[in-house]
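Encoded as structure tokens, the structure appears first; notes follow it.
What's counted below: heavy atoms across the whole structure, side chains too, no hydrogens, waters or symmetry copies. Positions are given from 1 along the sequence.
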Amino acid sequence: MLLAAITFTWYALVKKFNKKHPENRLRSAGLVPSEFLDIDEGQQWITFKACRNVYIFFSVGLPIAAGACFLFSGFVLAPFIVIGVLGVGQYLVYWLTIRKLNKY
């Protein structure tokens, strides 16, 4: 029931937004992530560098995360905390790289 309510609310809000802003319509199936909206070759290069840094983050972070889960196996919430840290970490690495390359 909760999923149906969230889906109905999403479609209703998208319809309302599309009526208010017909020149800047949203697809009701979902939003396109920013990394797929490359404006030009320069933006593609920045996106490539940011994604590369995220891959490097995971190549280092996943073994550390596995070790942390093993080390703290007695703590029930350890895997959830590790997954949360990895999730937030990937967005931080991506955002900081984009920010650095765009010279904000």
Side-chain angles (χ1 to χ4, degrees):
M1 290 300 285
L2 180 64
L3 182 60
I6 290 171
T7 303
F8 176 76
T9 304
W10 172 259
Y11 281 114
L13 290 173
V14 168
K15 268 194 167 308
K16 183 177 179 180
F17 179 85
N18 287 341
K19 282 185 181 181
K20 271 187 162 180
H21 308 283
E23 70 284 346
N24 193 14
R25 298 179 62 86
L26 294 176
R27 289 186 350 209
S28 57
L31 300 175
V32 178
S34 62
E35 54 266 14
F36 295 134
L37 297 175
D38 296 327
I39 308 303
D40 58 8
E41 283 89 26
Q43 184 64 34
Q44 289 175 350
W45 180 81
I46 290 173
T47 301
F48 167 75
K49 291 299 236 181
C51 288
R52 181 176 181 272
N53 286 347
V54 170
Y55 295 149
I56 292 170
F57 167 76
F58 276 122
S59 69
V60 172
L62 286 175
I64 293 172
C69 285
F70 177 73
L71 192 63
F72 299 108
S73 60
F75 186 55
V76 178
L77 295 177
F80 296 109
I81 293 170
V82 167
I83 289 171
V85 168
L86 286 174
V88 170
Q90 78 175 2
Y91 286 109
L92 277 174
V93 168
Y94 186 83
W95 177 71
L96 289 172
T97 305
I98 294 288
R99 189 170 174 230
K100 179 179 129 189
L101 293 174
N102 284 330
K103 296 178 181 153
Y104 288 127

**Fill in**
Looking only at heavy atoms, the pair that brings Pro63 and Val60 closest together is CD-O, 3.3 Å
**Fill in**
Taking every heavy atom of Cys69 against every heavy atom of Pro79, the minimum-distance pair comes out as SG-CA, 3.8 Å
**Prompt:** Does one hydrophobic cluster hold both Phe8 and Leu13, with members joined at side-chain heavy-atom distances below 4.5 Å?
**Reply:** no
**Item:** Verdict with reasoning, Leu77 to Phe72, per side chain to side chain contact (heavy atoms under 4.5 Å, CB included)
**Value:** CA-CA 9 Å; Leu77 295 177; Phe72 299 108; over 6 Å; no
**Request:** Would you please test Val82 and Ile64 for side chain to side chain contact (heavy atoms under 4.5 Å, CB included) and show each step?
**Result:** CA-CA 9 Å; Val82 167; Ile64 293 172; over 6 Å; no
**Message:** Pair Leu101, Trp45 - check side chain to side chain contact (heavy atoms under 4.5 Å, CB included), show working.
**Reply:** CA-CA 10 Å; Leu101 293 174; Trp45 180 81; 4.0 Å; yes
**Message:** Quick check: is Trp10 connected to Phe17 through a chain of hydrophobic side chains (ILVMFWY, heavy atoms under 4.5 Å apart)?
**Reply:** yes
**Asked** If two hydrophobic side chains count as joined below 4.5 Å and joins carry through other members, does Val85 share a cluster with Val54?
**Response** no
**Asked** Got a second to check how far Lys20's NZ is from Lys15's NZ, nearest 0.5 Å?
**Response** 16.0 Å
**Request:** May I ask whether Tyr94 and Leu62 are part of the same hydrophobic cluster, defined by side-chain heavy atoms of I, L, V, M, F, W, Y residues being less than 4.5 angstrom apart, directly or through others?
**Result:** yes
**Fill in**
All heavy atoms of Ala50 vs all of Ile98, minimum pair found to be CB-CD1, 3.8 Å
**Request:** Rounded to the nearest 0.5 Å, what's the gap from CH2 on Trp95 to NZ on Lys100? Could you check?
**Result:** 13.5 Å
